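Chain letters run A, B, ... following the sequence lines, proteins first and then strands; every chain starts at 1. Keep in mind it's a predicted model, so treat the numbers as computed, not measured.
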Number of protein chains: 2
Amino acid sequence: MENLELYRAFYWTAVERNLSRAAERLFITQPSVSHAIKQLEEALSVTLFNRMPKGVTLTEVGALLFEHVDKAFRELESAERQIAEINNLVRGELRIGSSDSLCKYYLLPHLGQFYNEHPDIHLDLVHGTTPEIIRQVKDGRIDFGIVRLPLNDDSLVTLEATVVQDCFVAGGRFAELASKPLSLADLAAHYPIILFAKTSSSRQFIQELAAQLGVELQPEIELASVDLLIEFAKAGMGISFVTKQFVMNELEAGELTELKLKESIPPRRIGIVYMKNRRLSPASRALIEQHLQVKLP
Amino acid sequence: MENLELYRAFYWTAVERNLSRAAERLFITQPSVSHAIKQLEEALSVTLFNRMPKGVTLTEVGALLFEHVDKAFRELESAERQIAEINNLVRGELRIGSSDSLCKYYLLPHLGQFYNEHPDIHLDLVHGTTPEIIRQVKDGRIDFGIVRLPLNDDSLVTLEATVVQDCFVAGGRFAELASKPLSLADLAAHYPIILFAKTSSSRQFIQELAAQLGVELQPEIELASVDLLIEFAKAGMGISFVTKQFVMNELEAGELTELKLKESIPPRRIGIVYMKNRRLSPASRALIEQHLQVKLP
DNA sequence: TAGTTGATATAGACAGGAGTAATGGCAATG
DNA sequence: CATTGCCATTACTCCTGTCTATATCAACTA
């Protein structure tokens with residue numbers, strides 16, 4: 001068939017058994033329906049309706065066709081209904097990528113509420129390094145990513161989500177260091193430093209900062225997770241470089257203490273990134289605007 | 001959706017993963033496809049494709065939609081294929097109505113050959129009185145009818161199919177009557193007459209003919225089937241009024257003998273009738289033209 | 001039997017929109 | 001860094017789907 005719209009006229013005519021009523025359903029006039037049916041009949045070289053004095057009835061072939069057209073239309077309706085549901089947030093999928101610890105400490109708390117409000121939206125969280133996240137955003141495998149800024153990529157939209165402050169924390173026998181300001185050089189020279197693994201942006205950040213200050217930062221211990229950084233510091237194994245917001249609980253509980261550093265550590269911006277030429281899914285928009293409280297353009 | 005044609009563009013784009021190739025499939029240009037996809041996306045308020053440097057890929061929603069569109073299209077294709085088969089006589093249905101004995105003696109012999117040639121065309125034979133057949137033709141319940149002519153109904157097409165000759169036949173002890181010509185009055189007065197039931201056109205025919213000749217035809221025996229008319233005559237129970245063509249076998253075998261009547265019985269025309277404003281199915285056309293050897297207009 | 005009602009079919013005109021050609025922009029590739 | 005192979009945009013053309021008006025037909029109805 002060269003024109004699927006004809007099937008719509010056929011469908012309603014078959015349902016209503018009356019061209020005029022079908023026309024009303026289709027919001028067109030009766031001659032248009034008549035014409036459409038005729039075109040369809042000619043295209044298929046069959047008679048689909050018996051024209052009776054008081055309406056039309058399906059021929060055998062018409063009835064055969066109707067069965068299939070009916071199924072096809074139900075199929076399309078079903079698809080459209082499901083898409084409407086996705087648009088209305090009653091179902092859908094939310095795929096978010098976040099680098100390293102941002103997932104647990106920034107995203108997770110907000111996701112809880114989102115999940116309560118939209119339990120049928122399937123969550124898919126991936127984590128990886130910032131380049132990995134960017135890659136997946138570009139490939140369309142995730143809806144958006146949460147990464148540390150700055151980022152310069154013209155094909156991405158970057159929204160500042162929050163700002164975090166890194167700091168050195170100590171616990172156990174090193175807790176007393178908190179009383180007096182220290183310089184980074186002092187720390188590096190006299191205390192065991194615990195840093196995140198080399199690949200992390202956090203590690204690169206402090207390493208570069210130290211280098212600018214002419215300090216060579218050589219960690220005593222390298223760990224692959226923020227949780228371990230915290231635990232090692234709590235155990236008094238050394239001084240961990242962590243994001244302050246991520247250790248709030250421990251600081252308030254007195255299990256960790258923030259060291260006063262003579263040099264100031266610049267805050268680091270956390271951003272939401274997604275493809276410029278791609279529309280965010282309704283679920284993404286809802287999460288970003290309503291839960292993460294980030295204003296979308 | 002207000003325009004089903006957009007789904008076609010969507011379908012091929014999803015299959016080809018490339019707007020330009022989809023355009024080729026659709027015999028339109030790439031910008032048209034691009035435009036169509038865009039319209040569909042706006043109508044559904046979703047993004048269906050990720051535009052990649054080397055083509056497009058389906059988004060999650062796009063993939064969901066594709067499943068359904070694919071099914072819908074298969075459904076329509078299936079319908080169109082079946083209709084094509086009906087047009088090509090590899091399948092279909094043939095619904096024929098014939099009054100009384102015409103079915104067995106005229107139609108059946110030809111149907112055998114038709115069935116051999118087109119074994120997958122379903123045959124549906126209905127028989128009834130001429131008015132019943134006409135009614136069913138008009139209601140579209142049968143494709144065409146085979147009835148005795150004349151018939152004056154402007155909404156029907158009437159084609160003369162064959163001509164039959166009625167006659168009186170006898171068997172057994174009455175067979176000797178065949179040697180000398182008899183008048184209808186003689187027959188009516190001195191011999192037991194066996195006629196078909198009152199409702200039949202055959203009965204009305206001979207009754208009217210007799211009345212015109214001033215003869216009152218009072219049957220000794222009334223029967224409801226041609227077979228019984230034949231059997232009773234063969235058994236010598238009386239003289240049956242039958243269609244000569246229907247008793248050919250018995251005449252040739254000598255089981256029955258045709259009486260010589262002084263009056264001539266006019267031949268009766270048998271016709272094919274169908275609705276003027278309805279197209280005959282391919283199967284009907286084939287049977288009528290090729291097997292019944294009746295030329296269609 | 002003429003008139004009415006409730007259907008579908010046909011004819012002709014018109015406007016909206018699908019399609020086109022030309023062009024631009026972008027990303028990957030060698 | 002030019003080339004290639006994509007998709008998007010624009011401006012214009014022309015087709016076709018739709019409309020109005022009218023014809024036609026069958027079944028009632030008075």
A/Arg148 NZ/CZ over A/Phe205 ring centroid, <6.0 Å and within 45° of normal | no
Could you list, one pair per line, each protein nitrogen or oxygen that sits under 3.5 Å from a nitrogen or oxygen of nucleotides 10-14 of chain C, together with the distance?
| from | atom 1 | to | atom 2 | distance (Å) |
| --- | --- | --- | --- | --- |
| C/dT10 | OP2 | A/Lys38 | NZ | 2.7 |

Contacts satisfying salt bridge (Lys or Arg N to Asp or Glu O under 4.0 Å) that involve residues 286-297 of chain A (not counting sequence neighbours) are none
To the nearest angstrom, the CD1-C1' distance between A/Ile28 and D/dT20 comes to 14 Å
Separation of C/dA18 atom C1' from B/Leu4 atom CG, nearest Å, is 15 Å
Mind checking ring pair (Phe, Tyr, Trp, His ring centres under 6.0 Å) for A/His68 and listing every partner two or more places apart, or none if nothing turns up?
-> none
Rounded to whole angstroms, how far apart are CG on B/Leu40 and P on C/dG17?
-> 17 Å
Is any side-chain nitrogen or oxygen of B/Asn3 closer than 4.0 Å to OP1 or OP2 of C/dA18?
-> yes
Listing time: all N or O pairs from protein to nucleotides 25-30 of chain D that are below 3.5 Å?
none

Whole-Å distance separating the CD atom of A/Gln39 from the P atom of D/dT16 = 9 Å
Once you round it to whole Å, what is the distance between P of D/dC7 and CG of B/Leu48?
-> 15 Å
Out of B/Thr158, B/Ile270, B/Val137, B/Thr130, which one pairs with B/Val147 under the side chain to side chain contact (heavy atoms under 4.5 Å, CB included) rule?
-> B/Thr130
Length of the CG-P vector between A/Asn50 and C/dT8, whole Å | 13 Å
Do you know the tightest heavy-atom contact between B/Ile83 and A/Val61?
-> CG1-CG1, 3.8 Å
Check side chain to side chain contact (heavy atoms under 4.5 Å, CB included) between B/Glu85 and all other residues, then give those that pass, not counting sequence neighbours.
-> B/Val90, B/Arg91
Keeping to residues at least two apart or across chains, list the salt bridge (Lys or Arg N to Asp or Glu O under 4.0 Å) pairs with something in residues 49-62 of chain A.
-> A/Glu41-A/Arg51, A/Glu60-B/Arg95
For residues 123-135 of chain B, which residue pairs qualify under salt bridge (Lys or Arg N to Asp or Glu O under 4.0 Å), counting only residues two or more places apart or in two chains?
-> B/Arg135-B/Asp139
A/Val126, A/Leu287, A/Asp143 screened by side chain to side chain contact (heavy atoms under 4.5 Å, CB included) with A/Ile96, the one that passes = A/Leu287
So which of residues 5-26 of chain B are in contact with DNA chain D, with a heavy-atom cut-off of under 4.0 Å?
-> B/Asn18, B/Leu19, B/Ser20
Kindly write out the residues that satisfy ring pair (Phe, Tyr, Trp, His ring centres under 6.0 Å) with B/Phe144, not counting sequence neighbours, or none if the list is empty.
-> none
Those residues of residues 55-66 of chain A lying under 4.0 Å from DNA chain D by at least one heavy atom | none
Give every residue pair that meets the salt bridge (Lys or Arg N to Asp or Glu O under 4.0 Å) criterion with at least one member in residues 10-25 of chain B, sequence neighbours excluded.
-> B/Glu16-B/Arg21, B/Glu16-B/Arg25
Look at atom NE2 of A/His35 and say whether more than 12 heavy atoms of other residues, nucleotides or ligands are closer to it than 6.0 Å.
-> no
Identify, with sequence neighbours excluded, every residue that meets side chain to side chain contact (heavy atoms under 4.5 Å, CB included) alongside A/Asn3.
-> A/Met1, A/Glu5, A/Leu6, B/Glu5
Would you please confirm or rule out a distance under 4.0 Å between OP1 or OP2 of D/dA8 and any side-chain N or O of B/Arg51?
-> yes
